[in-house]
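Data block below; observations after.
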There are 2 protein chains.
Amino acid sequence: MPITVLLVDDEPLVRAGLRAVLETQPDIEVVGEAADGAAVIPLVRRLRPDVVAMDVRMPLMDGIEATRAVLRTVDGPPRILVVTTFENDEYVYEALRAGADGFLLKRARPAEIVHAVRLVAEGESLLFPASVRRLAASYGDGPGNRAARDLLERARLTEREAEVLRLMARGLSNAEIAARLVVGTETVKSHVSGVLAKLGARDRTQAVITAYESGFVSAGRTGT
Amino acid sequence: MPITVLLVDDEPLVRAGLRAVLETQPDIEVVGEAADGAAVIPLVRRLRPDVVAMDVRMPLMDGIEATRAVLRTVDGPPRILVVTTFENDEYVYEALRAGADGFLLKRARPAEIVHAVRLVAEGESLLFPASVRRLAASYGDGPGNRAARDLLERARLTEREAEVLRLMARGLSNAEIAARLVVGTETVKSHVSGVLAKLGARDRTQAVITAYESGFVSAGRTGT
DNA sequence: GTCCGTCTCCCCCGCCCGGGGGAGACCGGT
DNA sequence: ACCGGTCTCCCCCGGGCGGGGGAGACGGAC
């Protein structure tokens with residue numbers, strides 16, 4: 001019997017692409033589609049797919065929430081393959097922690113997409129598909145990319161520093177960050193200095209640029 | 001006779017999606033695909049498509065160059081439909097100035113995609129498809145989005161201010177921008193102030209964030 | 001028990017940044 | 001000839017920012 005797949009992505013074009021790619025395979029069948037995480041639970045209950053190809057970023061309920069919800073409320077849950085545009089999207093790692101079984105880049109080649117679906121369907125985890133490595137390797141050593149890659153590879157930012165960087169990337173001043181985190185401004189300055197040093201940034205603007213370029217934060221979703 | 005279409009996009013998934021969407025139409029035929037602008041000219045010569053669906057952002061030769069090249073070197077050139085992720089990508093407007101006939105958001109619904117191809121094939125221009133308006137309207141009035149939308153709608157940045165903003169978004173200081181543009185630092189400060197005022201930004205960091213969020217600049221391509 | 005890392009806060013200091021003004025030169029449109 | 005917009009440069013000034021130190025408290029690792 002074929003591998004059954006449910007597609008969850010807010011962009012119809014991506015769904016159509018995944019469907020087209022997957023249905024070239026006789027042993028893979030796309031049994032349903034959803035445009036948002038909010039619609040996933042009933043669909044999973046009814047269709048009982050082997051694999052859910054889940055976008056991380058969606059308007060109403062994102063892939064992380066949806067992953068948690070499915071794993072929490074459905075018996076014998078499907079395998080979940082997280083689909084994303086960015087190779088080092090922080091949300092992806094959250095999704096994996098939430099119980100997703102693998103992740104897949106949208107820019108992967110068709111053969112890799114098929115391979116990923118087969119792998120997770122077989123119960124394998126797929127945390128670092130070839131395309132990720134290939135992509136990381138394809139980065140040049142330009143001044144911008146070096147810092148961005150370091151951010152990814154070192155991942156030396158402490159939890160607090162990462163939190164501060166996220167707030168910096170939303171345009172907050174040191175004083176505003178201090179108020180938000182309920183600490184002194186001197187403390188924030190400490191963390192900011194740590195971030196700048198670790199990212200090789202001269203000022204907060206460069207740090208925020210690195211955050212965007214590395215995918216640590218990304219345009220389009222100004223989170224809550 | 002059917003409308004013939006050539007797909008040019010570096011992501012196979014997007015090509016597959018476009019192909020799947022367009023081939024639901026009996027009168028539309030996808031006659032070829034290319035992964036980069038560099039491959040377009042010979043394909044256009046050989047296949048003589050009515051429409052080229054062209055991604056703006058591609059590794060070797062981007063959609064702007066490719067558009068210019070096609071229009072310059074091919075007799076009876078095809079209509080060119082620029083395909084993009086961002087509704088206000090500065091490159092899109094460059095592409096339109098380069099002679100493209102319309103642009104299309106990747107997140108458009110299938111019916112809109114089909115409609116767009118038909119329109120440009122008929123010789124119509126499609127500069128502001130419904131999906132753009134819909135998308136702009138869907139923006140909330142959060143502090144981040146307001147500024148981003150203003151950037152789009154007002155488009156009040158002068159050429160020089162836009163240039164300065166681009167350099168700000170690459171992490172340059174006022175002094176460095178001045179050196180790059182061969183003007184005084186006071187002049188740069190003037191332009192920076194103009195940018196901040198027009199974007200409603202408090203400091204250069206917020207301005208750069210707006211630049212990213214609005215798609216004025218975008219992650220992934222650290223331009224020359 | 002000791003050490004290391006993290007988080008917290010403090011000092012001093014230099015300086016770039018951004019605000020608020022103003023002003024001359026050029027160009028294009030009316 | 002006039003005016004609006006843009007680009008260029010200048011002044012003063014305050015404040016946030018970032019560097020360079022240091023230090024105490026806590027927790028986990030050894």
Side-chain angles (χ1 to χ4, degrees), chain A residues 90 93 143-144 147 150-151 153-212 216-217, chain B residues 90 93 97 143-144 146-147 150-151 153-212 216-217:
Chain A
E90 56 171 336
Y93 298 109
D150 283 354
L151 178 63
E153 288 186 358
R154 292 195 198 155
R156 289 273 178 272
L157 292 187
T158 68
E159 209 171 317
R160 207 53 161 171
E161 286 167 344
E163 210 170 349
V164 168
L165 177 54
R166 261 188 291 275
L167 295 175
M168 286 165 67
R170 295 183 53 189
L172 303 200
S173 68
N174 288 341
E176 288 166 342
I177 294 173
R180 179 74 68 99
L181 299 182
V182 199
V183 295
T185 57
E186 295 300 326
T187 303
V188 172
K189 285 178 65 174
S190 264
H191 293 313
V192 170
S193 291
V195 169
L196 297 186
K198 287 176 181 174
L199 300 190
R202 186 177 52 196
D203 52 48
R204 65 203 299 107
T205 303
Q206 289 189 350
V208 168
I209 291 168
T210 301
Y212 271 96
F216 178 82
V217 300
Chain B
E90 57 170 334
Y93 299 109
R97 278 200 295 275
R146 200 192 58 76
D150 283 354
L151 179 62
E153 289 189 355
R154 292 196 197 155
R156 289 273 179 271
L157 291 187
T158 67
E159 208 171 318
R160 206 55 162 170
E161 285 167 344
E163 209 170 350
V164 168
L165 177 54
R166 262 188 290 276
L167 295 174
M168 287 165 66
R170 294 184 54 189
L172 303 200
S173 67
N174 288 341
E176 288 166 342
I177 294 173
R180 179 75 69 97
L181 299 182
V182 200
V183 296
T185 58
E186 295 299 327
T187 304
V188 173
K189 287 179 64 176
S190 265
H191 293 314
V192 170
S193 292
V195 169
L196 298 186
K198 288 175 180 175
L199 300 190
R202 186 177 52 195
D203 52 48
R204 67 204 298 106
T205 302
Q206 289 190 349
V208 169
I209 290 169
T210 300
Y212 271 95
F216 179 81
V217 298

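To find a chain, count down the sequence lines: A is the first, B the second, and so on, and within it residues start at 1.
B/A201 approaches B/A207 most closely through the heavy-atom pair CB-N, 3.6 Å.
Using a distance-only test at 3.5 Å, with no hydrogens or angles considered, a donor-acceptor pair links the side chain of B/T210 to the main chain of B/Q206. The backbone N or O of A/L172 sits less than 3.5 Å from a side-chain atom of A/R204, completing a donor-acceptor pair.
Proximity of B/H191 to the phosphate of D/dT8: a side-chain N or O atom is located under 4.0 Å from OP1 or OP2.
Within the model, atoms CZ of A/R160 and OG of A/S190 stand 12.0 Å from one another, a figure rounded to the nearest 0.5 Å. How far CG of B/D203 is from CD1 of B/I209: 8.0 Å, rounded to the nearest 0.5 Å. In this structure, A/H191 NE2 and A/L157 CG are separated by 11.5 Å, a value rounded to the nearest 0.5 Å.
Taking atom CD on B/E161 and atom C1' on D/dG5, their separation rounds to 11 Å, with Å as the unit. Nucleotide C/dC7 holds its C1' atom 15 Å from the CG atom of A/L157, rounded to whole Å. In this structure, CD of B/E159 is placed 17 Å from P of D/dG5, rounded to the nearest angstrom. The CD1-P distance, from B/I177 to D/dC7, rounds to 14 Å in whole Å. In this structure, NZ of A/K198 is placed 10 Å from P of C/dG5, rounded to the nearest angstrom. Remark: P of D/dT6 and CD of B/E163 are 15 Å apart, rounded to the nearest angstrom.
Between B/T205 and A/M168 there is no side-chain heavy-atom pair separated by less than 4.5 Å.
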TODO: Check the pair B/L167 / B/V188 against side-chain contact (heavy atoms from CB on, under 4.5 Å), numbers first and verdict last.
DONE: CA-CA 11 Å; B/L167 295 174; B/V188 173; over 6 Å; no
Nucleotide N/O of nucleotides 27-30 of chain D paired with protein N/O under 3.5 Å:
none

Pairs: protein N or O with nucleotides 17-23 of chain C N or O, under 3.5 Å:
| residue | atom | partner | partner atom | Å |
| --- | --- | --- | --- | --- |
| C/dC17 | OP1 | B/N174 | N | 3.3 |
| C/dC17 | OP2 | B/N174 | ND2 | 3.4 |
| C/dG18 | OP1 | B/R204 | N | 2.7 |
| C/dG18 | OP2 | B/R204 | NH1 | 2.8 |
| C/dG18 | N7 | B/K189 | NZ | 3.2 |
| C/dG18 | O6 | B/K189 | NZ | 2.7 |

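Salt-bridge annotation for B/E176 and A/R202: present, with a side-chain N of the basic residue lying under 4.0 Å from a carboxylate O of the acidic one.
The side chain of A/T158 sits closest to C/dT6 out of D/dT8, C/dT6, C/dT8.
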